[in-house]
A.B. asks: 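I'd like to ask some things about the structure below.
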There are 2 protein chains.
Amino acid sequence: MPDQRSRLRDQRRADTQRAIQAQAVRLFSERGYDATTVHDVAEAAGVSPMTVYRHFPTKEDLVLLDDRGQLVAERIAAAPAAQPLVRRIGGALIESAAALTGGSHRDFLLARLRLMISTPALRAKHLDNQYALQQAIVAAVGDDAADPDSAFRVQAAASACLAALHTAVVRWAEDDGRTDLPALISTALTAAFGDDVGGRAPTHRTDGPTTRSGQGP
Amino acid sequence: MPDQRSRLRDQRRADTQRAIQAQAVRLFSERGYDATTVHDVAEAAGVSPMTVYRHFPTKEDLVLLDDRGQLVAERIAAAPAAQPLVRRIGGALIESAAALTGGSHRDFLLARLRLMISTPALRAKHLDNQYALQQAIVAAVGDDAADPDSAFRVQAAASACLAALHTAVVRWAEDDGRTDLPALISTALTAAFGDDVGGRAPTHRTDGPTTRSGQGP
DNA sequence: ACCAATCTGGTAGTGACTATCACCAAGGTA
DNA sequence: TACCTTGGTGATAGTCACTACCAGATTGGT
């Protein structure tokens with residue numbers, strides 16, 4: 001069965017990948033990103049530098065790689081198309097944030113975010129990744145791709161939404177995750193677009209401000 | 001007179017800097033960014049690689065370095081504080097764009113933009129530079145820096161405006177500068193924030209009803 | 001037992017960037 | 001003229017991220 005084989009291999013592959021990334025984030029956080037070489041990461045993970053590069057094309061990807069991007073795009077595609085653009089995109093972002101911060105890897109995510117914010121190289125590549133996410137969102141919205149003028153407006157709205165998201169995420173990380181991230185995103189969207197957009201949700205009932213109830217200050 | 005001497009030296013320094021950058025952009029555009037080494041640039045400019053690194057700390061800066069950043073911040077600081085945030089920032093961006101695209105170095109600017117858009121490394125660092133510009137804008141706005149919640153909202157609004165700006169600039173470059181850039185920016189701002197950005201205020205009282213300021217001190 | 005695909009490791013490279021040294025031109029002083 | 005400081009410049013050697021290219025080991029399927 002090629003099915004089972006590839007499943008097993010993919011599993012092992014994902015395991016070593018997680019192990020390497022965990023060691024990388026730990027070392028980067030302890031010693032600093034620039035002061036840690038890929039060789040150090042490989043040694044800590046018990047593999048050769050070659051193997052590290054097989055799993056992570058660049059040193060930055062040791063921190064940045066994950067699989068959350070498509071999650072957002074899927075939610076956008078699922079959102080009702082009748083709503084105005086920024087609300088449609090913003091709502092999907094808030095929902096995705098609720099799903100992501102609820103997981104058990106919250107501390108790991110926070111550590112990675114802190115590195116992204118404080119390290120110029122990581123910050124730059126992360127922003128470029130968000131730019132790629134923007135393209136995915138535009139594709140997911142699927143509004144009139146034929147009309148370049150309409151496509152341009154979708155680009156503008158998506159980029160502005162993602163910028164507000166980024167601001168909220170940075171604030172969340174600076175707060176050590178103590179604030180509710182969906183609420184922060186909502187605040188950022190409201191600050192940028194006005195009260196009628198950031199309003200979280202009558203349309204998205206997924207959850208209120210406190211998914212995990214003992215979190216707040 | 002140390003005055004005149006340093007003036008002369010600064011002049012010569014700026015000259016070689018411009019010469020190096022011109023050769024760099026030319027070579028990058030002709031052969032591609034990755035296919036061109038810093039050594040090639042140095043040779044084309046008639047200097048040693050060391051000299052290149054003295055003027056441009058990184059290879060990316062050969063394309064990205066300029067001095068328009070503070071121009072925008074100055075205009076923001078000069079804008080009437082009574083207007084809503086996005087209009088204040090957006091207006092300054094439109095004015096700056098008009099000033100920049102009117103200059104004689106329009107073709108040079110376009111060449112640099114094309115490189116920034118198509119080269120991942122340049123795109124990433126450029127986005128990070130815009131992030132730095134965002135901080136400058138926030139500082140220039142100077143709204144209630146003491147209140148972290150207000151500062152957060154300014155960050156969100158500024159980031160969204162800059163994102164819309166970026167979308168417009170990309171479109172402008174893809175159009176080879178044929179479209180009027182200020183008009184594109186205005187369109188992008190409208191697409192993101194609504195029709196009234198160019199006219200009245202969309203939004204944004206200092207403290208909206210839906211903003212959750214609960215996480216405060 | 002045998003084959004094929006994949007994962008892994010080692011060995012040079014290339015190229016961006018840095019640290020350290022010496023050289024040289026310009027201006028001021030004795 | 002000789003001397004000295006200052007700032008731009010150049011050469012050498014090194015670190016490190018990253019990339020072929022090649023060899024061994026492991027695993028799944030026959």
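Worth knowing before you read on, the calculation uses all heavy atoms, side chains too, and leaves out hydrogens, waters and symmetry mates. Residue numbers begin at 1 in each chain, while the letters A, B, ... track the order of the sequences. Computed from a predicted model, the values in this text were never measured in an experiment.
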A.B. asks: Measure the spacing between CD of B/Gln130 and CD of B/Gln134 and express it to the nearest 0.5 Å.
C.D. replies: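 Between B/Gln130 CD and B/Gln134 CD, I get 9.5 Å after rounding to 0.5 Å.
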A.B. asks: Residues from residues 112-131 of chain A sitting under 4.0 Å of DNA chain D, heavy atoms only?
C.D. replies: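 Result for residues 112-131 of chain A: none.
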A.B. asks: Please collect all salt bridge (charged side-chain N to carboxylate O under 4.0 Å, His left out) contacts where either partner lies in residues 89-103 of chain B, sequence neighbours excluded, each pair once.
C.D. replies: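 Pairs touching residues 89-103 of chain B that pass the test: B/Arg75-B/Glu95.
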A.B. asks: Short of 4.0 Å, heavy atom to strand atom, which residues of residues 16-24 of chain A count as contacting DNA chain D?
C.D. replies: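 The answer is none.
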A.B. asks: Please examine the side chains of A/Leu165 and A/Cys161, heavy atoms only from C-beta on, and report whether any two atoms are closer than 4.5 Å.
C.D. replies: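 In short, these two side chains do not touch, never coming nearer than 4.5 Å.
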A.B. asks: Rounded to whole Å, how long is the line connecting atom CZ of A/Phe56 with atom P of D/dA17?
C.D. replies: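 Rounded to the whole Å, the gap is 15 Å.
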A.B. asks: Tell me the interatomic distance from B/Met50, atom CE, to C/dT18, atom P, rounded to whole angstroms.
C.D. replies: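 Atom-to-atom, B/Met50 to C/dT18, this comes out as 9 Å.
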A.B. asks: Between P on D/dC18 and NZ on B/Lys59, what's the gap in Å once rounded to a whole number?
C.D. replies: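 From B/Lys59 NZ to D/dC18 P: 14 Å.
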A.B. asks: Please give, in whole Å, the distance from D/dG7 C1' to B/His55 NE2?
C.D. replies: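 Whole-Å distance recorded here is 11 Å.
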A.B. asks: Take atom CZ of A/Arg13 and atom C1' of C/dT6, then tell me their distance rounded to the nearest Å.
C.D. replies: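 That distance rounds to 10 Å.
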A.B. asks: Which ones in residues 26-42 of chain B lie close to DNA chain C, meaning a heavy atom under 4.0 Å from one of its atoms?
C.D. replies: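 Residues of residues 26-42 of chain B that come under 4.0 Å of DNA chain C are, in numerical order, B/Thr36, B/Thr37, B/Val38.
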A.B. asks: Which pairs with one or both residues in residues 31-80 of chain B pass ring-ring contact (aromatic ring centres under 6.0 Å, His included), sequence neighbours excluded?
C.D. replies: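 Output for this query lists B/Phe28-B/Tyr33.
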A.B. asks: Would you sort out whether A/Arg18 and A/Asp15 count as a salt bridge (charged side-chain N to carboxylate O under 4.0 Å, His left out), showing the intermediate values?
C.D. replies: CA-CA 5 Å; A/Arg18 254 193 303 276; A/Asp15 285 347; 3.1 Å; yes
A.B. asks: Find out whether A/Leu100 and A/Leu71 are in side-chain contact, i.e. whether some heavy atom of one side chain is under 4.5 Å from a heavy atom of the other.
C.D. replies: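 Side-chain contact under 4.5 Å: yes.
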A.B. asks: Got a second to check how far B/Leu133's CG is from B/Leu127's CG, nearest 0.5 Å?
C.D. replies: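 Rounded to the nearest 0.5 Å, the CG-CG separation comes out at 12.0 Å.
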A.B. asks: Which whole-number value in Å describes the distance from A/Leu62 CG to D/dA17 C1'?
C.D. replies: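 It works out to 11 Å between those atoms.
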A.B. asks: Restricting to non-hydrogen atoms, name the atom on A/Phe193 and the atom on A/Ala160 that form the minimum distance, rounded to 0.1 Å.
C.D. replies: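 In terms of heavy atoms, the two residues are closest at CZ-CB, 3.6 Å.
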A.B. asks: Whole angstrom is fine here: how far is it from CD in A/Glu60 over to P in C/dA16?
C.D. replies: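 Answer to the nearest Å: 16 Å.
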A.B. asks: Can you measure A/Arg12 atom CZ to C/dC7 atom P for me and round it to whole angstrom units?
C.D. replies: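 In whole Å, C/dC7 P and A/Arg12 CZ are 11 Å from each other.
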A.B. asks: Specify the residue among A/Tyr53 and B/Gly46 whose closest nucleotide of DNA chain D lies further upstream toward the 5′ end.
C.D. replies: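 Closest to the 5' end, via its nearest nucleotide, is B/Gly46.
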A.B. asks: If we only count heavy atoms from C-beta on, is the B/Thr16 to B/Thr51 side-chain gap below 4.5 Å?
C.D. replies: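 No. Closest side-chain heavy atoms not under 4.5 Å.
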A.B. asks: According to ring-ring contact (aromatic ring centres under 6.0 Å, His included), who are the partners of B/Tyr131, at least two apart in sequence or on a separate chain?
C.D. replies: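 By the ring-ring contact (aromatic ring centres under 6.0 Å, His included) rule, B/Tyr131 matches A/His166.
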A.B. asks: Check A/His126 against A/Met116 and note the closest heavy-atom contact, atom names and distance.
C.D. replies: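 Minimum heavy-atom contact is ND1-SD, 3.5 Å.
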